[in-house]
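Proteins come first, then strands; the chains are lettered A, B, ... in the order of their sequence lines, and each starts at number 1. Keep in mind that the numbers below use all heavy atoms, side chains included, and drop hydrogens, waters and symmetry copies.
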Protein chains: 2
Amino acid sequence: MMVSTKGRYALTVMVDLAKNEDGGYVSLSDIAERENLSMKYLESIISILNKGGMLLSLRGKNGGYKLAREPKDYNINEILLLTEGTLAPVNCIMQDGVQCDKAATCSTLPLWAGLDKVIEGYLSDITLEDIITGNRRKMLKGYCESCDN
Amino acid sequence: MMVSTKGRYALTVMVDLAKNEDGGYVSLSDIAERENLSMKYLESIISILNKGGMLLSLRGKNGGYKLAREPKDYNINEILLLTEGTLAPVNCIMQDGVQCDKAATCSTLPLWAGLDKVIEGYLSDITLEDIITGNRRKMLKGYCESCDN
DNA sequence: CAAAATCCTACCACTTGGGTAGGATTAAGT
DNA sequence: ACTTAATCCTACCCAAGTGGTAGGATTTTG
């Protein structure tokens, strides 16, 4: 599995915030209730998003979180990368471009590198706005019969 | 991580067999030595490939394994799918098309479904032969500066 | 000053990953 | 027939990661 619940719930939180933004701060308990997820677990996840600069937060009563930018200015890759640490499909693709010592002669490395690029390319191209507007043509490109491809 | 060592080593074994095929059977100890991998571990992996019909095997002295088909007739998706069980990037994409109970209203599902298709599409398009011939243009499509894209 | 919210540090059960160990069985060559 | 070399099979095991829970400290508003 490449994306764990951590990344998936992080995206769910971001989408929830995008859908329910009215300028004010949204409390985590509201989000947890709407999405039917454990608030305690979400706490640890939203903390990553917050520290990573994805959100603005306000402590105290009537506090909560809101998006730091507009939905169209978040791409999915950065959200998942922040929470998952890496999205590499295999261990031999390092996050910082470091390669294993057999890289020069490894005949399968180009495959993994290509796969990594394909994944990153797909996720980087989709924004939070695409998700909340349900841009199925973009997300299911080439695979959705009911969309005009 | 989507592809563990199990799937990676399985592919390594298949590539090794494809490179070293001369009609005869190749012993696992030869493969393990060439690839510098634990023979005991490879044993459990090659067993999956064998039972899945990817290989032909011969027991006893001078026995070993060889490819059941030609390298061009294996795609990478089927090799990894067999050994990994699933290549789905998230748990909410089930292997047999079964969906989670929130699927109808889930706004992130199209993203995951699209990602799954992109991965499957990439891996299904590449064959064992592409790997042994080093078809970088196909594997690194659009991302390789030294290839003419 | 009470209520409601974020923040912070532990802890923990369960599953998966990445193997190892040991032996049973089978086939070839002498 | 017997040795050797190979596949086959079952069981075990440790470390790391996943998916949380618990409890409290701190901050802000009304």
Side-chain angles (χ1 to χ4, degrees), chain A residues 1-13 17 24-66 68 80 83-92 100, chain B residues 1-13 17 24-66 68 80 83-92 100:
Chain A
M1 198 62 39
M2 186 173 44
V3 179
S4 66
T5 55
K6 196 150 81 172
R8 248 169 57 221
Y9 292 177
L11 182 56
T12 298
V13 165
L17 282 172
Y25 289 87
V26 179
S27 81
L28 191 49
S29 57
D30 283 359
I31 300 176
E33 193 172 357
R34 267 196 298 263
E35 307 297 338
N36 197 29
L37 297 172
S38 154
M39 175 175 159
K40 271 299 187 182
Y41 188 32
L42 282 192
E43 228 177 62
S44 63
I45 293 169
I46 208 165
S47 160
I48 301 171
L49 292 170
N50 192 25
K51 286 178 182 166
M54 298 274 170
L55 302 176
L56 299 177
S57 72
L58 184 66
R59 299 180 68 168
K61 193 170 181 178
N62 293 338
Y65 302 92
K66 66 177 176 182
L80 296 179
T83 45
E84 293 287 326
T86 175
L87 292 176
V90 286
N91 270 332
C92 48
C100 104
Chain B
M1 198 61 41
M2 186 174 45
V3 179
S4 66
T5 56
K6 195 149 82 173
R8 250 169 57 221
Y9 292 177
L11 183 56
T12 298
V13 165
L17 282 172
Y25 289 89
V26 179
S27 81
L28 191 50
S29 57
D30 283 358
I31 301 175
E33 193 173 357
R34 266 196 299 263
E35 307 296 338
N36 197 28
L37 297 171
S38 153
M39 175 175 160
K40 272 299 189 182
Y41 188 31
L42 282 192
E43 229 177 62
S44 64
I45 293 168
I46 208 166
S47 160
I48 301 172
L49 292 170
N50 192 25
K51 287 178 181 166
M54 298 274 170
L55 302 176
L56 300 176
S57 73
L58 183 66
R59 298 181 69 170
K61 193 168 180 179
N62 293 338
Y65 302 92
K66 64 177 175 182
L80 296 179
T83 44
E84 293 287 326
T86 176
L87 292 175
V90 286
N91 271 332
C92 48
C100 105

Does a side-chain N or O from [X] land closer than 4.0 Å to OP1 or OP2 of [N], or not?
X: A:Ser47; N: C:dC8; answer: no
X: A:Asn62; N: D:dG30; answer: yes
X: A:Tyr9; N: D:dG20; answer: yes
X: B:Ser57; N: D:dC8; answer: yes
X: B:Lys61; N: D:dC2; answer: no
X: A:Ser38; N: D:dG19; answer: no

Look at the side chain of [X] and decide which nucleotide, out of [options], has an atom nearest to it.
X: B:Ser27; options: D:dT7, C:dG29, C:dG22; value: D:dT7
X: A:Glu43; options: C:dT6, D:dA6, C:dA21; value: C:dT6
X: A:Tyr41; options: C:dT6, C:dA28, D:dG20; value: D:dG20
X: A:Tyr65; options: C:dC7, D:dA6, D:dT21; value: C:dC7

Calculate the interatomic distance between [X] atom [atom1] and [N] atom [atom2]; express it in whole Å.
X: A:Asp30; N: C:dT6; atom1: CG; atom2: C1'; result: 14 Å
X: B:Leu49; N: D:dT7; atom1: CG; atom2: P; result: 13 Å
X: A:Asn50; N: D:dT27; atom1: CG; atom2: P; result: 15 Å
X: A:Leu28; N: D:dT27; atom1: CG; atom2: C1'; result: 16 Å
X: B:Leu56; N: D:dT7; atom1: CG; atom2: P; result: 14 Å
X: A:Met39; N: C:dT6; atom1: CE; atom2: C1'; result: 8 Å
X: B:Leu55; N: D:dT7; atom1: CG; atom2: P; result: 11 Å
X: B:Ile45; N: C:dT20; atom1: CD1; atom2: P; result: 11 Å

* **Enclosure of B:Lys66 NZ (heavy-atom neighbours >12, cutoff 6.0 Å)** => yes
* Asked: Rounded to the nearest 0.5 Å, how far apart are CG of B:Leu37 and CG of B:Leu28?
  -> 10.0 Å
* To do: Map B:Leu58 and A:Ile46 onto DNA chain C by nearest heavy atom, then report which one ends up closer to the 5' terminus.
  => A:Ile46
* To do: Examine the base of C:dT6 for any acceptor or donor lying under 3.5 Å from a partner atom in the side chain of A:Arg59, and report the outcome as yes or no.
  => yes
* Classify the side chain of B:Lys40 versus the base of C:dG18 as yes if they form a donor-acceptor pair under 3.5 Å and no if they do not. => no
* Asked: Would you say A:Glu84's side chain and A:Ser4's backbone share a donor-acceptor pair under 3.5 angstrom?
  -> yes
* Asked: Can you check whether B:Glu43's main-chain N or O pairs, donor with acceptor, with B:Ser47's side chain at less than 3.5 Å?
  -> no
* To do: Report the residue from A:Leu49, A:Leu56, A:Leu58, A:Asn50 that forms a side-chain contact (heavy atoms from CB on, under 4.5 Å) with A:Tyr65.
  => A:Asn50
* Asked: Of A:Gly60 and A:Lys6, whose nearest nucleotide on DNA chain D comes first from the 5' end?
  -> A:Lys6
* Asked: Can you tell if the side chain of B:Arg34 reaches within under 4.5 Å of the side chain of B:Val26, non-hydrogen atoms only?
  -> yes
